[in-house]
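First the structure, in the form of structure tokens, and then the observations on it.
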Number of protein chains: 2
Amino acid sequence: MVQIPNTPAPTKSPAPRPVPTSADVARLAGVSRATVSYVLNNAGAVRISEPTRLRVRQAAEELGYVPHAAARALRAGHSRVVLMPTLPAPAGPLYSQFVHDFQGALARLEYTVVQYGATGLCGDDAARAWAELRPVAVLVPTPGIGPEGVAVLKRSGARAVVTLSPAPVEGAHALRLDHADVGRSAAAHLYARGRRRIGVVVPEGRGMEVFSAPRLHGSREALSGTGATVTELPLAYSEESAAALAARWSGLGLDAVFAYNDEYAMLLMRALQETGVRVPEDVAVVGADDLVLGRLLRPRLSTVRIALPSGRELASLVDRAVRNPAAAPEPHEPFGATVVHRESS
Amino acid sequence: MVQIPNTPAPTKSPAPRPVPTSADVARLAGVSRATVSYVLNNAGAVRISEPTRLRVRQAAEELGYVPHAAARALRAGHSRVVLMPTLPAPAGPLYSQFVHDFQGALARLEYTVVQYGATGLCGDDAARAWAELRPVAVLVPTPGIGPEGVAVLKRSGARAVVTLSPAPVEGAHALRLDHADVGRSAAAHLYARGRRRIGVVVPEGRGMEVFSAPRLHGSREALSGTGATVTELPLAYSEESAAALAARWSGLGLDAVFAYNDEYAMLLMRALQETGVRVPEDVAVVGADDLVLGRLLRPRLSTVRIALPSGRELASLVDRAVRNPAAAPEPHEPFGATVVHRESS
DNA sequence: TTGAAAGCGTTACCAT
DNA sequence: ATGGTAACGCTTTCAA
């Protein structure tokens, strides 16, 4: 049977040229695919004559050849991708900075960080979706993945799984980071300052509960049995929502508020001040995350600081774990939440 | 020759089990790989008996089988990955929100958004690195990629390339977004308010110049030939840096400042107020990005708002472009920069 | 209803 | 020094 070479498929008019492959480069340069591979990867083991190298390079240039990462990974049996699921809510400044540092540090170690939109799925289902990419390591920034999920990832070739979560997860390098600690610290601080009727801001908005729920819970826990009360205060990140909350403030009878984080604290504090509520005389306010803006407010904002690991440290941990996956997860102290007492409480 | 099956490589002690493949599932279930594929992908065209389906599912479960995305993409010849290079600097709140929306909207359209750390490389070199992933679409959030880069991506199978940049890029759906407009608007506004000696804050820090340079340049441009002066004000995002700048303020002799964005404006405004400089009487301040916090400052912060496309709109644009790559890039008006005049100017 | 086989793009091994 | 070939894991067409 005669095969007509390169008959264009009779579908679309622009006839989308197929993506050039290394075989195309080889054909154009008049060499074999192996030679193309050697030249383009600067393989030291094999010597290729200079003229040949040149021909191959020119051919690749001419065709606009770009190697196919998936094919390469398939062949190699591994990749240098470090996977980082994206958060369920827009990231705050603290986290953005952290991700940026982490990414930069890993890039210097020749890894590629991929933030992957793992929408909808949760827990060990999500782990399966991540495992499809066969990352060499995974950093899970929220709780929710369990030992099963970790096992799936490891069976799929992940040499390191690092979790940031309250409880250590079997099989993972568990960096213990409990947002409930933030709530606990804030509430304990307010209680120690003599406050007894404490509001806790709970941001509205999909995905926010991942962080707000533990912060609320921690506050409740710290105050249980003390006789102090905790009042949940839903609040959207808008002037209107804050004004509405401030308008019904006197009816709530609160003498303190833990405002979820510094940004919400600023929002609420302004609304309260507008309606004549004095801070900290009438109500003590505590934020969290120790953002720059907290120091700029008047009164200066008390806040709870979390000792996040630096991006560089975490990158180096990942690298060590990848190089030696057999090593037991390094134990470490939970990241503490420290109250930074300023003027608002 | 007799081949000893599954001889473990005599290397490491924990003998890392190889990752289970669909062949392993097939073997365990006593069927062929094709059947496994049919069952696991719910192929409608072929009917598989219920008992077989069950056996396959159980085998997959037991082995912890997860399909290999790279292999699948290789075989399919395409993917649903939308690539988004990460910014060279930590993202601000405006951008974080945008990315989150964009990702959510694309997920609903069954795309997978991947943020890819494209560190170091720039322009068309970066494009080559992105092309290795064979994304179906690419959203380039910074200028720097040229027609060459777009061509590389398209030749590599990208059916849509969307750029957010000042000048339209040949071959791409170019959303025209010029940060110089922000600088122009701010400067023109300050000039119209009678200010003539105008400072422009330039954030320090790697990667910031991508946005700060055009904003500065736009300010210069708007004032050239008017007799007004532009003074460059390097500023790190810290209280100390702001205090240092405020300390030498009177020597600068400025009557207005465009503070890069609302966050820097807040930082500088506070430092100025601390040293007794009155806003807006002594110095007019304009921020940018129209963040919530600008409305919370006193005096309320004037700002320049950029009409970013919503994540949903952009997602739908990407989807349309992917479905019909032949269509000419949809023309559109450049996104305007609008001055929101409040009290600080 | 199920199985065999080809092929996606790449690279490593083994001939030449 | 270079080229043929097999194999990575998966899907799909064709044949039984």
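Convention: sequence-line order gives letters A, B, ...; per-chain numbering from 1.
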Requested in this report: Answer with base, sugar-phosphate or nothing: what part of the nucleic acid does B:S37 contact at a heavy-atom distance below 4.0 Å?
Outcome: base

Query - Sugar-phosphate, base or nothing in reach of A:V19, heavy atoms under 4.0 Å - result: nothing

Over how many whole Å does the gap from [X] atom [atom1] to [N] atom [atom2] extend?
| X | N | atom1 | atom2 | value |
| --- | --- | --- | --- | --- |
| B:L74 | D:dT11 | CG | P | 11 Å |
| A:R53 | D:dG3 | CZ | C1' | 16 Å |
| A:R55 | D:dA1 | CZ | P | 16 Å |
| A:R134 | D:dG9 | CZ | C1' | 9 Å |
| B:L133 | C:dT10 | CG | P | 13 Å |
| A:N42 | C:dT10 | CG | P | 16 Å |
| A:H78 | C:dT11 | NE2 | P | 12 Å |
| A:Y38 | D:dT2 | OH | C1' | 9 Å |

Report task. With DNA chain C as reference, determine whether A:V66 or B:G30 sits nearer its 5' end, using the nearest nucleotide of each. Result -> B:G30

Compare the minimum distances between each of [options] and the side chain of [X], then state the nucleotide with the smallest one.
| X | options | answer |
| --- | --- | --- |
| A:A34 | C:dG3, D:dC10, D:dG3 | D:dG3 |
| A:R75 | D:dA1, C:dG9, C:dC8 | C:dG9 |
| A:S22 | C:dT10, C:dG3, D:dT2 | C:dT10 |
| B:H68 | D:dG4, D:dA7, D:dG9 | D:dG9 |
| A:R33 | D:dG3, C:dT11, D:dT2 | C:dT11 |
| B:R72 | C:dT1, D:dC10, D:dT5 | D:dC10 |
| B:T35 | C:dG7, D:dG3, C:dT2 | C:dT2 |
| B:A71 | D:dC8, C:dA12, D:dC10 | D:dC10 |

Checking the side chain of [X] only, and the main-chain atoms of [Y] only, is there a donor and an acceptor separated by less than 3.5 Å?
| X | Y | result |
| --- | --- | --- |
| B:H100 | A:P88 | yes |
| B:D24 | B:T21 | yes |
| B:R134 | B:S79 | no |
| A:S156 | A:V152 | yes |
| A:R55 | A:A29 | yes |

Query raised in the report: When you check the gap from the basic side-chain N to the acidic O, do B:R128 and B:D124 get nearer than 4.0 Å?
Result: no

Taking only N and O in the side chain of [X], is any of them less than 4.0 Å away from OP1 or OP2 of [N]?
| X | N | result |
| --- | --- | --- |
| A:S49 | D:dT2 | yes |
| A:Y65 | C:dT10 | yes |
| B:T21 | D:dG9 | no |

